[in-house]
Protein chains: 2
Amino acid sequence: MEMRKPSRGRPRSFDEDAVLDAVMRAFWEHGYEGTSVATLEAATGLKAPSLYGAFGSKEVLYRTALERYASEHGTVLRPDGPAREAISEFLYEAADRFSESGLPPGCMVSTAALALGTAQRAVATRPARMRSETLAGIEQRLRTAVTEGELPAGTDAGALARLFGAVIQGMSVQAIDGATRQELRGLATAAMAAWPR
Amino acid sequence: MEMRKPSRGRPRSFDEDAVLDAVMRAFWEHGYEGTSVATLEAATGLKAPSLYGAFGSKEVLYRTALERYASEHGTVLRPDGPAREAISEFLYEAADRFSESGLPPGCMVSTAALALGTAQRAVATRPARMRSETLAGIEQRLRTAVTEGELPAGTDAGALARLFGAVIQGMSVQAIDGATRQELRGLATAAMAAWPR
DNA sequence: TCATTTCTGTAGTAGTCGCTAAATAATGAT
DNA sequence: ATCATTATTTAGCGACTACTACAGAAATGA
């Protein structure tokens, strides 16, 4: 992907990956507008020009951090096996991830950029698309389960997908509000009772 | 509640209630940090000194608007009748309210102040408590339903309450993401399948 | 009419926002 | 050593933030 430039000139004094990790945590915890460049300086130990030199702008920094979050802390639906187990695992994994000690609570995507000033609306587009893709992924999985007979014909796959998506998003809110891992797991268990039979 | 001051001096040139309504909509749509005083001036047609004279500060203005939202656009659990119907109505009413045309989408409380800078954390306290109280209210209603035999003994009322709370919160996120009223109602229907039997 | 009270608009405050020009430092190439 | 290139630091940019001193306007009671 990334071309390693032949190292001419003064080398970077920081590990770009570690810095991006710190940036991600800051945005994860305080959101886009709640995280100032001064906050990022404090979180990374770098000065603004270094951040801007390495990444470009606060907006790009946020997007990069968001992609990193998705790839390192995101949850994906297991593509094989029964759909019911895939969904169940998905919910329990979310419960665990949203309550991971040493990491900010909740999901960076679920609660990202829900309320923004008009100027920064461009920032909200990407997380909104991520949420949309998650819903679509769940729905597709459920549709397949219907055609394969795991779910009864006539099951409203779209509504069911929205339900499980809502459960994830609500778990994120409750994690931020201080719900424990045990409570989130109980929530996941209760949600699985909505599985059609 | 409010003492009407004996009207000496120049009277207000604006309807305080209408102004507070406009302020509420602005905060509802753009959140606390996403709404600047300049935004509020544009939304109300007033200048800052009038707003500050009538209310006090942006923080007080937000709290006042939030209380107004809760009393005028909030949903309460019907205290009588079967718990199942109360919860069901609660979900459908939320689906309708979150997709009311002419009003901002989603719930001002569910998605309020989830990610804030450390300085404004005081603002997040009140909506967080409101969410907590909603959860507690649902749980109490379910507990009663267990003791009255409407729900099977051994039902995890706490987990079930968290589930329905999460559904509300997730519906709010999806409403903001553009879900239609019909889709939200379908979500509510799917959620009610989790009701123990 | 006059003084008093209260509100409104003008015009600003100090502080923070995201961002960057310019100087300095550290490296590889010659 | 000297140059070219890149990174970091200092210092500060204009724009915006929440907020307010002040003066004028509009109502009141005396």
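Convention: sequence-line order gives letters A, B, ...; per-chain numbering from 1.
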* Could you tell me whether the side chain of B:Arg126 reaches within less than 4.5 Å of the side chain of B:Glu67, counting heavy atoms only? => yes
* To do: Compare every heavy atom of A:Val173 with every heavy atom of B:Ser110, then report the nearest pair and how far apart it is.
  => O-CG1, 4.0 Å
* Please check if the side chain of B:Arg141 supplies one atom and the backbone of B:Arg78 the other of a donor-acceptor pair under 3.5 Å. => yes
* A:Leu51 has an atom CG; how far is it from atom C1' of D:dT9, in whole Å? -> 13 Å
* **Gap between atoms CD and C1', on A:Glu41 and D:dT8 respectively (whole Å)** => 12 Å
* Rounded distance in Å - CZ (B:Phe55) to C1' (D:dT20) -> 18 Å
* B:Lys47 NZ to D:dA23 P, straight-line distance once rounded to whole Å -> 20 Å
* Structure fact -> By nearest-heavy-atom nucleotide on DNA chain C, the more 5' of B:Gly45 and A:Lys58 is B:Gly45
* **B:Glu29 bridged to B:Arg25 by N-O distance under 4.0 Å** => no
* To the nearest angstrom, how far is A:Phe14 atom CZ from C:dA25 atom P? -> 19 Å
* Is any side-chain nitrogen or oxygen of A:Ser13 closer than 4.0 Å to OP1 or OP2 of D:dT8? -> yes
* Asked: Between B:Thr44 and B:Phe14, does a side-chain contact (heavy atoms from CB on, under 4.5 Å) hold up when you go through it step by step?
  -> CA-CA 9 Å; B:Thr44 60; B:Phe14 55 89; over 6 Å; no
* Structure fact -> Looking only at C:dT20, C:dG18, D:dT20, the nucleotide nearest the A:Ala48 side chain is C:dT20
* Asked: According to a strict under-4.0 Å criterion, is B:Arg8 in side-chain N/O contact with OP1 or OP2 of D:dG29?
  -> no
* **Closest nucleotide among C:dT27, C:dC17, D:dT8 to the A:Ser50 side chain** => D:dT8
* Let me know the distance between CG of A:Leu46 and P of D:dT6, rounded to the nearest Å. => 19 Å
* When you get a sec, tell me which of D:dC19, D:dT9, D:dT20 is the closest nucleotide to the side chain of B:Pro49? => D:dT20
* Looking at C:dC17, C:dT8, D:dT17, which one has an atom nearest to any side-chain atom of A:Ala38? -> C:dC17
* Can you tell me how far P of C:dT6 sits from CD of B:Glu16, to the nearest Å? -> 15 Å
* Structure fact -> The answer to which of B:Gly56 and B:Pro11 contacts DNA chain D further toward the 5' end, by nearest nucleotide, is B:Gly56
* Hey, does the side chain of A:Tyr52 come within less than 4.0 Å of C:dT20's phosphate (OP1/OP2), counting only N and O? -> no
* What about B:Arg10, does its side chain sit under 3.5 Å from the base of D:dA25 through a donor-acceptor pair? -> yes
* To do: Mind calculating the distance between CZ (A:Arg12) and P (D:dT9) to the nearest angstrom?
  => 13 Å
